[in-house]
Enquirer: 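One structure is given below, represented as structure tokens, and several questions about it will come after.
Chain letters run A, B, ... following the sequence lines, proteins first, then strands; residues in each count from 1.
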Amino acid sequence: MEKMPKWADVLLIPLISLVIAFALSGLVIVAIGEDPVAAVSLMIKGALGSTYGWGYTLYYATNFIFTGLAVSVAFHARLFNIGGEGQATLGGLGVAMVCLYVPWPHWSMALPAAMVAAALFGAAWAAIPAWLQAKRGSHIVITTIMFNFISAALLNYLLVNLMRPPRSMDPATAKFPEATHLPTLHDMLAPIGINFSKAAPANISLLFALLACVLVWALIWRTRLGYEIRAYGQSERAAVYAGISPVRITMLAMLISGALAGLMAINNVMGEAERLVMNAPEGAGFIGIAVALMGRNHPFGVLLAALLFGFLYQGGSQVALWTSIPRELIVVIQALVILFTGALDNMVRMPLERLFLSLRKGKS
Amino acid sequence: MDFVTALQIADSTVRLATPLLLACLAGLYSERAGIFDIGLEGKMLAAAFLSGAVAAVTGNVWIGLLGGIAASMALSVVHGLASITFRGNQLISGVAINFLASGLTVVIAQDWFEQGGRTPSLIGGARFTPITLPFADALAGVPVLGPIYKELISGHTILVYIAFLMVPATWWLLYRTRFGLRLRAVGEAPEAVDTAGISVIGIRYMAVGICGVLCGVAGAYMATALQAGFVQEMTAGRGYVALAALIFAKWRPWHALWATLLFGFLQAVALRYQNIDLGGFTVPVQVMDALPYILTVLILAGFVGKAIPPRAGGAPYVKER
């Protein structure tokens, strides 16, 4: 017998966890002497009150969709990929190499190549921890954390010593050529008569992020491989008994996960910065963890959670601009969301299960 | 390399290894009891902030130290609640704690001091000062041994000596006391400990508590001894290096000392030399930065001896019904 109805599991628990996380964040705002209601209304105005705000919200959300999907695909195989940050960094390297070293006539030809490079580099960076987990039994959490640091050092070396243009002090590559610049939402919506902010960085990558949601959904719930990934995640022993190879599933799930994290680079490196800088993902790889946990590892949930975090990011930067609430408050909110929807899940679940059980007893 | 340079690097190794050693031993208690802790970084950071803040306000470094331990303990309680009481995922809880510390320290520091997320610089009694061991100055003239005693062994803050004394203390506690036996058993076979009528939950909370105290001392050392005050993200991944050292040491106290000294040495060398010239081949500084992590991956992969974690690590304990 199910302890509680499905809607409570899918909707009620994450909702209650979120309410707790946001209530605590509100208390932090009160504690530093600011007005949480004013902060929220400022956030809504800053993030959703103009096409400029929307453009940033959607830009951030695009990053978080890719990294959130990356974490959730690995989660389905019960693998915790904390390495999204490093994989996205390497994805950026792939994008930069494609954009800088190949003379592209038009962005529509550069973009597919950049996507392939981003996915390949991200997957390659996930492949080593995956192989070590599958073949040598080294814990994927620790190795992916280590690979985040190694990727930072690697990029630091490449930018400072090899890719930095001559006579430049800045540890960054040269600007990508004009022909590789992606169309922004302003460019895309102007022909149909919508005047979208020109300054906002949201670009065509958003459509590919949405497409990735659909493809991941189809992969996980409509293909044989997706079934095997879920079966392996549910019970390794049962999966092995059914003839599913743990090595194959671990490798494939992590390769897909790394490729998705790497793909983020078409948005932040190719779409926004238009050059490769140090620490390009800016923590989006880690936000993917919060997004995946909040979205219950379902692509639609990931989409909603990514939009929420995109809103928090853009709204938070506006709040930091106009009040004394620092930008780092978003990190606190992110931590509380991870804590309550991830680690303290049972704190909400146990009392609710008891409640539903007693309700059912009362009925029968 | 001359003698003086070698001595300076050794001295700097000791200073830089101290926070790693404290955090590594902290992780050792927790993980030996079966609670994975990737939140060492966050606990150190929180402790660094609160110790720096309290020391700056009170002007007394000892009260600052207590503040640091309190901050770290608070996060330990969160980790204990999530991973022991509510049987949540210990890794996710650790990730959350790291972000919580990273965000809260800056938010609170900005609110309290309005100096861009740092605490005021600590002066005088608000900082741990170096201790000169007896006869250090008198013996300085003795060739070789004199300078080693004066520069390397003497002249550190009290926390450095505490950290190094913690190594034999931990060894004794884990391998020579009843509590230590139970703690190790809880990490290997909690059902056996439960059968013997000892509370698995109690022992695990105690281990997580000890971890909190040691992380608190490590963080306080960062802000009040190694540097003079807290700055944003000042632990800079040291919690993860300590975690790497713990695996490198295969969860054993004396090996933890050697591992953290090695990683401290790497940091000291990276700090002193930008690029190292090895007879025509230059080792870039980034390789030195990445070396602890690369070494850990190699160890984990079992290419340099196999690291086997405590058997019950990461799994919440559920009494059989």
Enquirer: Against chain B, label A:A152 side chain, backbone, both or neither, depending on which of its atoms sit under 4.5 Å from a heavy atom there.
Expert: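 The answer is neither part of A:A152.
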
Enquirer: Give, as side chain, backbone, both or neither, the part of B:V78 having an atom under 4.5 angstrom from any heavy atom of chain A.
Expert: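 Side chain only.
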
Enquirer: What part of B:I38 gets within 4.5 angstrom of chain A, counting heavy atoms only: side chain, backbone, both, or neither?
Expert: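 Looking at B:I38, just its side chain touches chain A.
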
Enquirer: A:I325 versus chain B, heavy atoms under 4.5 Å apart: side chain, backbone, both or neither?
Expert: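 Answer is neither: A:I325 stays 4.5 Å or more from chain B.
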
Enquirer: Under 4.5 Å from any heavy atom of chain B, what part of A:F340 do you find: side chain, backbone, both or neither?
Expert: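 Neither part.
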
Enquirer: Shorter than 4.5 Å, heavy atoms on both sides: which option in A:D345, A:V141, A:I128 has the most such pairs with chain B?
Expert: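 Answer, by heavy-atom pair count under 4.5 Å with chain B: A:V141.
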
Enquirer: When heavy-atom pairs shorter than 4.5 Å are enumerated against chain B, which of A:Q334, A:M146, A:Q133 gives the highest number?
Expert: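 Maximum pair count with chain B is reached by A:M146.
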
Enquirer: Measuring heavy-atom distances to chain B, does A:F80 have an atom under 4.5 Å in its side chain, in its backbone, in both, or in neither?
Expert: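 Side chain only.
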
Enquirer: So A:H139 and B:F36, would you call those rings parallel, tilted or perpendicular, with 30° and 60° as cut-offs?
Expert: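 Ring orientation, 0 to 90° scale: perpendicular.
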
Enquirer: By a 4.5 Å heavy-atom criterion (distance strictly below it), what part of A:I145 contacts chain B: side chain, backbone, both, or neither?
Expert: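 Contact with chain B is through the side chain of A:I145 alone.
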
Enquirer: For B:E114, which atoms come within 4.5 Å of any heavy atom of chain A: side chain, backbone, both, or neither?
Expert: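 Contact with chain A involves no heavy atom of B:E114 at all.
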
Enquirer: Is it true that A:E328 and B:Q110 share a donor-acceptor pair across their side chains at a distance under 3.5 Å?
Expert: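 Result is no, nothing qualifies.
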
Enquirer: Report yes if some heavy atom in the side chain of B:L81 is under 4.5 Å from a heavy atom in the side chain of A:M347; otherwise report no.
Expert: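 They are not in side-chain contact.
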
Enquirer: From B:Q286 CD over to A:L158 CG, what is the distance, rounded to the nearest 0.5 angstrom?
Expert: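 So the CD of B:Q286 and the CG of A:L158 are separated by 9.0 Å.
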
Enquirer: Using non-hydrogen atoms and a 4.5 Å limit, figure out which bit of A:I82 sits close to chain B: side chain, backbone, both or neither.
Expert: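 For A:I82, the contact with chain B is made by the side chain alone.
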
Enquirer: Which bit of A:V28 comes within less than 4.5 Å of chain B, counting heavy atoms only: side chain, backbone, both or neither?
Expert: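 Side chain only.
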
